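Heads up, the thing below is written out as structure tokens.
Residue numbers run from 1 in the order of the sequence given. Please read these numbers as outputs of a predicted model, since none were measured by experiment.
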Amino acid sequence: MEKKLFTNQIKIATPPDKTKQVLANPTNLLNWVPEITLVDFDGQSYMLTRKTPALNGIEKLQVVQHKDTVIYQIVGTKAKYQIEFEMVNLGDETLLNETVIIDSFDSHLPLELFVPIAKHALNGNLKHLRDYIELT
């Protein structure tokens, strides 16, 4: 059931290489996703633990990198999805497109109601990411 849910976009005042470096290391999630309390690497994938209730309390994340894209492949108890971060070079700035693609979804909440909630939450996290990258 692969389905594109939404895309968020933000401009970051640093070159794409710095943005990609931060995204490619999931331990950095602790610096820009306030809900994540633990990122544990088991040698093949990262286990993400959240402090607040979420669709998936614990998630398994794998990172795939391409030239201008970092993809988070995430598997949880109720949803399997991807977050694709595409970096567009604007010289000294980066235009970051964050696209969420759902592979499977098993929740009492209909997907149509979940999408605007997730879009809003992930957009807030993008702002935290921008602030973290620009300040480091």
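- Note that NE2 of H128 and CG of L29 are 12.5 Å apart. Values are rounded to the nearest 0.5 Å.
- Here the side chain of T37 pairs a donor or acceptor atom with the backbone of T49 at under 3.5 angstrom.
- Hydrophobic cluster of V64: the remaining members, joined at side-chain heavy-atom separations below 4.5 Å, are I71, listed by chain and number.
- With rounding to the nearest 0.5 angstrom, the CD atom of Q21 is 9.5 Å from the CD1 atom of I133.
- Looking at every heavy atom in both residues, P26 comes nearest to A24 through CD-O, 3.3 Å.
- Clustering ILVMFWY residues whenever any of their side-chain heavy atoms sit less than 4.5 angstrom apart, transitively, puts I58 in a cluster other than the one holding L30.
- Across all non-hydrogen atoms, the minimal contact from N8 to N123 is ND2-N, 3.4 Å.
- Using a 4.5 Å heavy-atom threshold, the side chains of F6 and V115 count as touching.
- The shortest side-chain heavy-atom distance between L129 and L23 falls under the 4.5 Å cut-off.
- With hydrophobic clusters built from ILVMFWY side chains whose heavy atoms lie under 4.5 angstrom apart, V70 shares a cluster with F41.
- No side-chain N or O of E98 forms a donor-acceptor pair with one of Y72 less than 3.5 Å apart.
- Panel note: side chain T14, backbone E134; no donor-acceptor pair is recorded below 3.5 Å.
- Cluster membership for V88 and V22, using ILVMFWY side-chain heavy atoms within less than 4.5 angstrom, is not shared.
- Atom CG of D92 sits in a sparse spot, with 12 or fewer heavy atoms from other residues, nucleotides or ligands closer than 6.0 Å.
- Summarising the geometry of R130 relative to K11, their closest heavy-atom pair is CD-O, 3.5 Å, with the distance given to 0.1 Å.
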Point to revise | M47 and L38: CA distance, side-chain angles, deciding distance, side chain to side chain contact (heavy atoms under 4.5 Å, CB included) verdict | key: CA-CA 8 Å; M47 297 300 292; L38 181 64; over 6 Å; no
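- In this structure, CD1 on I12 lies 4.0 Å from OG1 on T19, to the nearest 0.5 angstrom.
- Atom OG1 of T99 sits about 9.5 Å away from atom CD of Q9, to the nearest 0.5 Å.
- Between F114 and F105, the angle of the ring planes lies from 30° to 60°, which puts this pair in the tilted group.
- Under a hydrophobic-cluster definition in which Ile, Leu, Val, Met, Phe, Trp and Tyr are linked whenever side-chain heavy atoms come within less than 4.5 Å, directly or via other members, I83 and W32 are assigned to the same cluster.
- Within the 3.5 Å criterion, the main-chain N or O of H66 finds a donor-acceptor partner in the side chain of K20.
- Applying the side-chain contact (heavy atoms from CB on, under 4.5 Å) rule to L113 yields the partners L109, P110; only residues at least two apart in sequence or on another chain are considered.
- Once rounded to the nearest 0.5 Å, the distance linking NZ of K18 with OG1 of T136 reads 4.0 Å.
- Here the rule is side chain to side chain contact (heavy atoms under 4.5 Å, CB included) with K80, and of I101, V75, I102, I74 only V75 fits it.
- Looking at K119, its side chain does come within 3.5 Å of a backbone N or O of T7 through a donor-acceptor pair.
- Linking Ile, Leu, Val, Met, Phe, Trp and Tyr whenever their side-chain heavy atoms come within less than 4.5 Å leaves M87 and L95 in two separate clusters.
- Here the NZ-CD distance, from K4 to E84, works out to 9.0 Å after rounding to the nearest 0.5 Å.
- Residues P34 and K51 come closest through the heavy atom pair O-CE, 3.3 Å.
- Using a 4.5 Å cut-off on side-chain heavy atoms (C-beta onward), P16 and D68 make no contact.
- Among N56, L5, L55, the one residue that satisfies the side chain to side chain contact (heavy atoms under 4.5 Å, CB included) test with Y81 is N56.
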